[in-house]
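Following: one structure in structure tokens, then a few remarks.
Every heavy atom of this structure was used, including side-chain atoms; hydrogens, water molecules and symmetry mates were not.
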Amino acid sequence: MSPRRRRATVLTAATVLSAAAAPVASAAAPAAPVTSVAASPARTTASGLPEGLYGTADPKYDGVWRQSMALLALDGAKAVPARKAVDWLTGQQCADGSFAAYRAEPGKKCDPDDTPADINATALAVQALAAVGGRSDAVREGLEWLASVQNKDGGWGFGPHADSDANSTSLVIGALHATGRNPAETTAEGGESPYDALLSFQLTCGSEGIEDAPGAQGAFAYQPDKKGRLAPNNDATAAAVLAALGEGALPEPPAEDAGNTPVTPLKCASGADQEKGKGVPGGRKAAAGAGAAHLAATLKKNGGHFTSVAPGSSDEQPDYANTADAVVALAAGGHRDAAATSLSWLADNLDKWDKSRKDPAAIGSLMLASRATGGDPTELGGTDLLSRLNRTGPKPAKMPEDEAAEQQDSGAGIPIWAFVLIGLAVGAGFGILLSGRRKRQQP
């Protein structure tokens, strides 16, 4: 019997029995909604780190980011984060709605000199809090602050009113999408939309600098240089492709029967297509497709991964984080084959990335990449990612298997003897009913 039919049978039986027996209390009460809390002085663990924080490294530069990644990964895996983990992230918010990279003393007023507002941290925190639910005030205030610092070109930079860049603009687009806002309608007074800003960073057939970057058509730059020229950037391209699709960090995973959409590189011809500012014909979805083609080609050339461009790194140093971001972007665009190749590479190398097995941002990225491709978000390549993430912070209030167990208890777990008793009770009820009718019919 299928689970759906079992649940229907149980419901029918329970309805019949309720007429003859007192109601039985449910064994599993629904979880209480998480509500907003005011910032309070940080409590610390024995290691000196804030209670509720994921990760063991110094959070000075990435506390809000890695916490947000952990909460997003848990939500994507259908786990309910611990209350104190969500409280910690909410408590990091400043009174104006912004988030800094980390506030050591959340009970104190935010100081722009000590804890400067961070667009990226704010945008990702908004996505995480929107995903876990119950923090509508924090989400609204974060969105209002982001709108208040939008640039006239429609984009955002790393800090308030800094020059727009593709990464920050993409993250805010994701926050808008995650909260049901339309990025196309989010504009500063008299300014452009976020999508206008985003597409201005793409190297197209007529872009300044394209002649110095053969094969870079479709890639996105981080931002123009002082001369207005663009240079391809893998990090920016992965972020921008996802944002151009109108998606955030948790795009819907593909259906089981979803096919593969081949990547189609942007081809430049002579004449009108070479005009400066021509862009990608077809709008932002076509722009996302061109960017995805560039991602796929670059990943394939390097054996399924990006190489790092960080100062001091070798040309052969893999860039794990941007590879994971590219997997999510490719999968969101339906390019499942290209995404699967790089996801397989990540599975083979995940312990080289998460060497300490205590990096919540790395583990969360892998969980999101697995989910985006239609895989199990709790594991990758035989590694239990969810358990590994849980070891870096507070144990979730509810695990994915808890929900499955509750569903089983509601029907599938009822023993056969219970159905026998139900049948006897129903039969007895009909017997009493017929007996009563016979007595009323006797003269």
How long is the gap from OG1 on T115 to CD on E105, to the nearest 0.5 Å?
10.0 Å

Between [X] (side chain) and [Y] (backbone), is there a donor-acceptor pair under 3.5 Å?
X: D137; Y: E141; value: no
X: R336; Y: P262; value: no
X: S344; Y: A340; value: no

Closest heavy-atom contact between [X] and [Y]?
X: G155; Y: D153; result: N-OD1, 2.9 Å
X: T237; Y: N233; result: OG1-O, 2.7 Å
X: A125; Y: S68; result: CA-OG, 3.3 Å

Salt bridge check: are [X] and [Y] linked by an N-O gap of less than 4.0 Å?
X: D376; Y: R371; value: no
X: D87; Y: R83; value: yes
X: K152; Y: D196; value: no

Is the closest side-chain heavy-atom distance between [X] and [Y] below 4.5 Å?
X: V132; Y: L71; value: yes
X: F220; Y: L203; value: no
X: I363; Y: R357; value: no

Atom pairs and distances, side-chain donor-acceptor, residues 285-299, under 3.5 Å, sequence neighbours left out:
from: T298; atom 1: OG1; to: H294; atom 2: O; distance (Å): 2.9

Please tabulate, one pair per line, all N/O donor-acceptor pairs under 3.5 Å involving side-chain atoms of residues 56-64, not counting sequence neighbours.
from: D58; atom 1: OD1; to: K60; atom 2: N; distance (Å): 3.0
from: D62; atom 1: OD1; to: R66; atom 2: NH1; distance (Å): 3.0

Heavy-atom count around R140 CZ within 6.0 Å, excluding the residue itself: above 12?
yes

